[in-house]
Amino acid sequence: MTYGADGHFSALIDRIESELLPGLSVASERLHEPVVVHRLPKPWKLVGAGNYAVVVSHPDYPRLVIKIYAPGRPGLQEEAEVYRRLGRHPAYSECYHYGGSYLVLRRLEGVTLYDCVRKGIPIPRRVIDDIDEALAYAAARGLRPHDVHGKNVMMKEGRGMVVDVSDFLKTDECRMWSDLKKAYERFYLRVPLLHRIPVPDFVMDAVRRGYRAVKKRGESC
Ligand SMILES: Nc1ncnc2c1ncn2[C@@H]1O[C@H](COP(=O)(O)OP(=O)(O)O)[C@@H](O)[C@H]1O
Ligand SMILES: [Mg+2]
């Protein structure tokens, strides 16, 4: 851990516990849809929302983010354990501290691959290879990559990263990453228009829901 007992860091923990958590209102309204933020105290900023948690930052701590689990959503201890096992790796964040409902993580700069497609930002193959390598690294540490989909992987300056490792202790098989890679090779690379034309949200949502529906018939993930 780079961050420890220094005053700046303990001031952050104080702010999280005395300002952020009491003022924050989030709800996980639907099981397979992102958590919704109803209230976020100033000057905290929303960085992203997943199906379990919201991720926020504070302007005084630009290199960190706080991931707060929605009430009733399990998995925080497991996520901290995954980070402990991963140690330091350029394609992963790190967990510097965690409390009852939140983790303090290293901020990964970049854009999710989901947003790359939404915004028409080209995704080079190197990004896919970096993520493959990072997942092999996790597997070598006894973890099982799980739930690796477009919103959980990011790209910065042509390099790939994995932003969400919360399910890597699960033991059931998950084909999301191999399905995403197949889609990249068989579809994305063959349709150059996709590399620069934004794809509307309703199409992205339809693909996401369609994928879930197909998977529900067959597998657990
Ligand atoms: N370490 C991080 N650095 C920067 N952004 C992050 C980080 N962790 C998460 N995010 C952003 O927040 C979003 C939700 O976080 P995620 O860990 O995927 O939550 P969930 O476990 O609910 O799916 C991600 O899609 C990403 O945009
Ligand atoms: Mg996620």
Side-chain angles (χ1 to χ4, degrees), residues 1-3 12 16 20 24 26-37 40 44-59 61-84 86-98 101-119 121 123 127 130-131 134-135 138 143-157 159-170 174 176-177 179-180 201 204-205 208 211-212 215 221:
M1 281 201 198
T2 328
Y3 290 84
L12 171 67
I16 294 171
L20 174 64
L24 179 74
V26 295
S28 173
E29 289 170 355
R30 277 174 295 160
L31 199 59
H32 298 297
E33 298 296 325
V35 171
V36 179
V37 180
L40 178 64
W44 298 88
K45 290 266 179 302
L46 185 66
V47 175
N51 292 355
Y52 278 71
V54 292
V55 173
V56 303
S57 66
H58 189 287
Y61 300 84
R63 285 153 68 180
L64 301 176
V65 291
I66 320 303
K67 176 169 177 175
I68 305 116
Y69 273 65
R73 287 300 209 161
L76 184 140
Q77 299 273 349
E78 287 82 355
E79 182 164 355
E81 171 60 15
V82 171
Y83 277 117
R84 197 189 63 75
L86 285 174
R88 276 188 147 185
H89 186 283
Y92 289 106
S93 176
E94 278 172 75
C95 177
Y96 298 123
H97 175 87
Y98 67 96
S101 62
Y102 70 91
L103 303 126
V104 181
L105 303 173
R106 179 167 71 86
R107 184 177 200 151
L108 298 178
E109 300 287 346
V111 49
T112 65
L113 298 199
Y114 184 89
D115 280 339
C116 286
V117 177
R118 269 184 67 221
K119 295 176 181 169
I121 303 169
I123 305 167
V127 168
D130 283 343
I131 295 165
L135 298 179
L143 298 165
R144 192 153 192 180
H146 199 106
D147 208 30
V148 183
H149 54 70
K151 291 182 183 175
N152 285 344
V153 284
M154 290 176 99
M155 165 180 114
K156 190 193 179 208
E157 289 162 4
R159 304 304 304 254
M161 291 161 289
V162 182
V163 76
D164 185 2
V165 298
S166 50
D167 287 330
F168 280 25
L169 286 180
K170 286 195 175 164
C174 179
M176 278 190 183
W177 176 243
D179 289 344
L180 201 141
D201 282 346
M204 298 297 288
D205 264 355
R208 186 170 64 84
Y211 179 78
R212 276 206 64 78
K215 286 284 147 179
C221 146

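Counting convention: from 1, in listed order, for ligands and their atoms alike. FYI, the numbering just counts along the sequence from 1. Keep in mind the model is a prediction, meaning the values are calculated, not measured.
- In summary, the atoms of ligand 1 found under 4.0 Å from a heavy atom of Asn51, numbered by their order in the structure, are 22 (O), 23 (O).
- Annotation: the span from Arg106 atom CZ to Tyr83 atom OH amounts to 9.0 Å, rounded to 0.5 Å.
- For Lys170, the salt bridge (charged side-chain N to carboxylate O under 4.0 Å, His left out) partners at least two apart in sequence or on another chain are Asp167.
- Taking a cut-off of under 4.0 Å to the non-hydrogen atoms of Lys67, the atoms of ligand 1 that pass are 16 (P), 17 (O), 19 (O), 20 (P), 21 (O).
- Across all non-hydrogen atoms, the minimal contact from Ser28 to Ala70 is CB-CB, 3.9 Å.
- Neighbours of the Mg ion (ligand 2) restricted to protein N, O or S atoms under 2.8 Å: the count is 2.
- Heavy atoms only, all atoms of each residue included: Asn51 and Glu33 are closest at OD1-C, 3.2 Å.
- For the residue pair Ser101 and Leu76, the shortest heavy atom distance occurs at C-CD1, 3.2 Å.
- Closest approach of Ala134 and Tyr92 over heavy atoms only: O-OH, 2.7 Å.
- With respect to the salt-bridge test (charged N to carboxylate O, under 4.0 angstrom), the residues Glu94 and Arg107 do not qualify.
- Of all atoms in ligand 1, numbered sequentially from 1 with element shown, those under 4.0 Å from a heavy atom of Lys151 are 24 (C), 25 (O).
- A 4.5 Å side-chain heavy-atom check between Leu12 and Val104 finds at least one atom pair inside the cut-off.
- Taking a cut-off of under 4.0 Å to the non-hydrogen atoms of Ser93, the atoms of ligand 1 that pass are 1 (N).
- Near Thr112, meaning under 4.0 Å from one of its heavy atoms, ligand 1 places the atoms 27 (O).
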Could you give me the CA-CA distance, side-chain angles and deciding distance for Arg84 and Glu79, then say whether salt bridge (Lys or Arg N to Asp or Glu O under 4.0 Å) is met? CA-CA 9 Å; Arg84 197 189 63 75; Glu79 182 164 355; over 6 Å; no
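- The minimum heavy-atom distance between Met155 and Leu113, with the atom names listed, is CB-CD2, 3.7 Å.
- For atom 23 (O) of ligand 1, the nearest non-hydrogen atom of the protein is Asp164 OD2, 2.9 Å.
- If you look at Pro34 next to ligand 1, there are no close heavy atoms at all, none under 4.0 Å.
- Within the listing of ligand 1, atoms 1 (N), 2 (C), 3 (N), 4 (C) sit less than 4.0 angstrom from a heavy atom of Leu108.
- Nearest to atom 5 (N) of ligand 1 among the protein's heavy atoms is Val47 CG1, 3.6 Å.
- The closest approach between any non-hydrogen atom of Arg106 and ligand 1 is below 4.0 Å.
- Counting only heavy atoms of the protein, atom 15 (O) of ligand 1 lies nearest to Val55 CG2, 3.5 Å.
- Using a 4.0 Å cut-off between charged side-chain N and carboxylate O, Asp164 and Lys151 make no salt bridge.
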Does Phe168 form a side-chain contact (heavy atoms from CB on, under 4.5 Å) with Val162? I'd like the steps, not just the answer. CA-CA 11 Å; Phe168 280 25; Val162 182; 4.2 Å; yes
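- Pairing each heavy atom of Met161 with each of Ile131, the nearest pair is N-CG1, 3.9 Å.
- Residue Ala53 approaches ligand 1 through these ligand atoms, each under 4.0 Å from one of its heavy atoms: 22 (O).
- With atom 6 (C) of ligand 1 as the reference point, the heavy atom nearest to it among Leu103, Val65, Val163, Leu76 is part of Val163.
- The atoms of ligand 1 that sit less than 4.0 Å from any heavy atom of Ser166 are 21 (O).
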